[in-house]
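Here, residue 1 is the first one in the sequence, and each next residue gets the next number. Everything numeric here is computed off the predicted structure, so don't read it as measured data.
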Amino acid sequence: MPATIEIAIGAIILSLAVSVVLGTLAAYRRGLVTDQVIRIVTLIGLSVPTFWLALVSFYVFFLELRIAPGSGRISPSITPPPRITGLYTVDYLINGDGVGFADALAHLALPVMVLSLVTIGLLTRFIRTSVLEVLGSDYVRAARAKGLPAMRVILDYVLRGASLPILTVVGVAFGSLLSGTVLVESVFAWPGLGTYAYNSAANLDLPGIMGVGLVVGFIYLLINFVVDLLYGVLDPRVRIA
């Protein structure tokens, strides 16, 4: 689980950071060239098969360009950190091992990028739709009429107003990343939940397959519970007294 959580957290953080920028920009430039280009790019991201993208990325960046490390979580010459959280990057930081942290982060970069490209396509299109709905609200027009800076209007009014539906989709996307990394983990020899599920299925390990199913179900329940709690943080109207 820690290996899968590490790759999923990295992918959702990168996806959300990029998607918020692209989705908001596409909404503000609706119908213009910028909007059309972003929509085409996100459509490509949604259409490209994950396993094909993983194979091509591994071939190009590792075998041809030699700018990315090989498979696995760390290089064979690096000693794994003392197990505290199971997340290599976190454990290396806790132990003050900069060399190990850099190596673990380098191995994390390529699978995170592959998973992010697919998720970015989904989140960007949804954020664009949510922002477009909020842009027509009276309080956004009032904020503009006051002469507030554009960045403040975006951060304090537009994105906050669109945050609830965005949060729901982010929760679903994060759950999908945790449970759907089988192909990416197989390509990059990442020893996570996806690899364990694949090996269990290949070896007809029924308890292993059932265990993965239970874990994935628990993950979705936990994520939905956290999303419901965050609703009250973002919107006082849904808080429980």
Side-chain angles (χ1 to χ4, degrees), residues 1-21 50-51 53-120 123 170-171 173-200 202 205 208 211-212 214-216 218-220 222-223 225-227 229-230:
M1 276 300 296
T4 298
I5 289 174
E6 190 170 35
I7 193 176
I9 289 177
I12 199 66
I13 290 175
L14 179 61
S15 301
L16 187 58
V18 175
S19 299
V20 167
V21 175
T50 306
F51 71 91
L53 187 60
L55 289 171
V56 171
S57 300
F58 189 80
Y59 176 78
V60 171
F61 293 104
F62 173 65
L63 295 177
E64 292 295 328
L65 300 179
R66 299 288 180 178
I67 60 176
S71 57
R73 298 182 73 182
I74 54 174
S75 301
S77 59
I78 302 294
T79 303
R83 187 180 180 88
I84 301 175
T85 64
L87 310 179
Y88 277 13
T89 50
V90 176
D91 290 346
Y92 277 126
L93 282 177
I94 293 175
N95 288 276
D97 188 346
V99 175
F101 172 76
D103 186 78
L105 196 63
H107 280 78
L108 193 64
L110 203 55
V112 163
M113 183 188 72
V114 171
L115 285 175
S116 298
L117 290 177
V118 179
T119 311
I120 286 172
L123 293 180
V170 170
F174 185 56
S176 299
L177 287 173
L178 285 171
S179 60
T181 59
V182 178
L183 297 175
V184 174
E185 289 184 1
S186 299
V187 171
F188 293 103
W190 196 266
L193 186 64
T195 301
Y196 179 79
Y198 171 79
N199 292 333
S200 298
D205 180 7
V212 171
L214 288 173
V215 169
V216 170
F218 175 76
I219 286 172
Y220 273 100
L222 180 62
I223 290 176
F225 177 69
V226 173
V227 167
L229 293 180
L230 290 177

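In this structure, L87 and P2 approach most closely via the heavy-atom pair CD2-O, 3.1 Å. The heavy-atom pair separating V112 from S116 by the smallest distance is O-OG, 2.7 Å. The minimum heavy-atom distance linking A173 with L123 is given by the pair CB-CD2, 4.5 Å. The minimum heavy-atom distance between G171 and V227, with the atom names listed, is CA-CG2, 4.1 Å. Across all their heavy atoms, G72 and H107 have their closest contact at O-CD2, 3.2 Å.
Under the ring pair (Phe, Tyr, Trp, His ring centres under 6.0 Å) criterion, F58 pairs with F62, F188, not counting sequence neighbours. Under the rule for a salt bridge (Lys or Arg N to Asp or Glu O under 4.0 Å), E185 has no partner lying at least two apart in sequence or in another chain. With sequence neighbours excluded, no residue forms a ring pair (Phe, Tyr, Trp, His ring centres under 6.0 Å) with Y92. Under the rule for a side-chain hydrogen bond (donor to acceptor under 3.5 Å, both in side chains), the partners of D91 that lie at least two apart in sequence or sit in another chain are T85. For S71, there are no side-chain hydrogen bond (donor to acceptor under 3.5 Å, both in side chains) partners at least two apart in sequence or on another chain. Applying the side chain to side chain contact (heavy atoms under 4.5 Å, CB included) rule to I67 yields the partners F61, L65; only residues at least two apart in sequence or on another chain are considered. For V21, there are no side chain to side chain contact (heavy atoms under 4.5 Å, CB included) partners at least two apart in sequence or on another chain. In this structure, the side chain to side chain contact (heavy atoms under 4.5 Å, CB included) partners of I9, at least two apart in sequence or on a different chain, are I5, I13, F174. In this structure, S57 has no side-chain hydrogen bond (donor to acceptor under 3.5 Å, both in side chains) partners at least two apart in sequence or on a different chain. Scanning for side-chain hydrogen bond (donor to acceptor under 3.5 Å, both in side chains) contacts around Y198 gives an empty result, with sequence neighbours left out.
Remark: of the listed residues L55, L53, V187, L53 is the sole one forming a side-chain contact (heavy atoms from CB on, under 4.5 Å) with V114.
A donor-acceptor distance shorter than 3.5 angstrom exists from the side chain of N199 to the backbone of T195, with no hydrogens or angles considered. With hydrogens and angles disregarded, a donor-acceptor distance shorter than 3.5 Å links the side chain of W190 to the backbone of A3.
How far OG of S19 is from CD1 of I120: 5.0 Å, rounded to the nearest 0.5 Å. Distance OG1/T119 to CG/L177: 4.0 Å, rounded to 0.5 Å. With values rounded to the nearest 0.5 angstrom, T89 atom OG1 is found 9.5 Å from I94 atom CD1. To the nearest 0.5 Å, atoms OG (S200) and CG (L193) are separated by 9.0 Å.
N95 is listed as a side-chain neighbour of I84, based on a closest heavy-atom distance under 4.5 Å. P80 places a side-chain heavy atom less than 4.5 Å from the side chain of I74.
Every pair passing salt bridge (charged side-chain N to carboxylate O under 4.0 Å, His left out) that includes a residue from residues 64-74 is listed here, sequence neighbours excluded: E6-R73.
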Between V99 and I78, does a side chain to side chain contact (heavy atoms under 4.5 Å, CB included) hold up when you go through it step by step? CA-CA 9 Å; V99 175; I78 302 294; 4.2 Å; yes
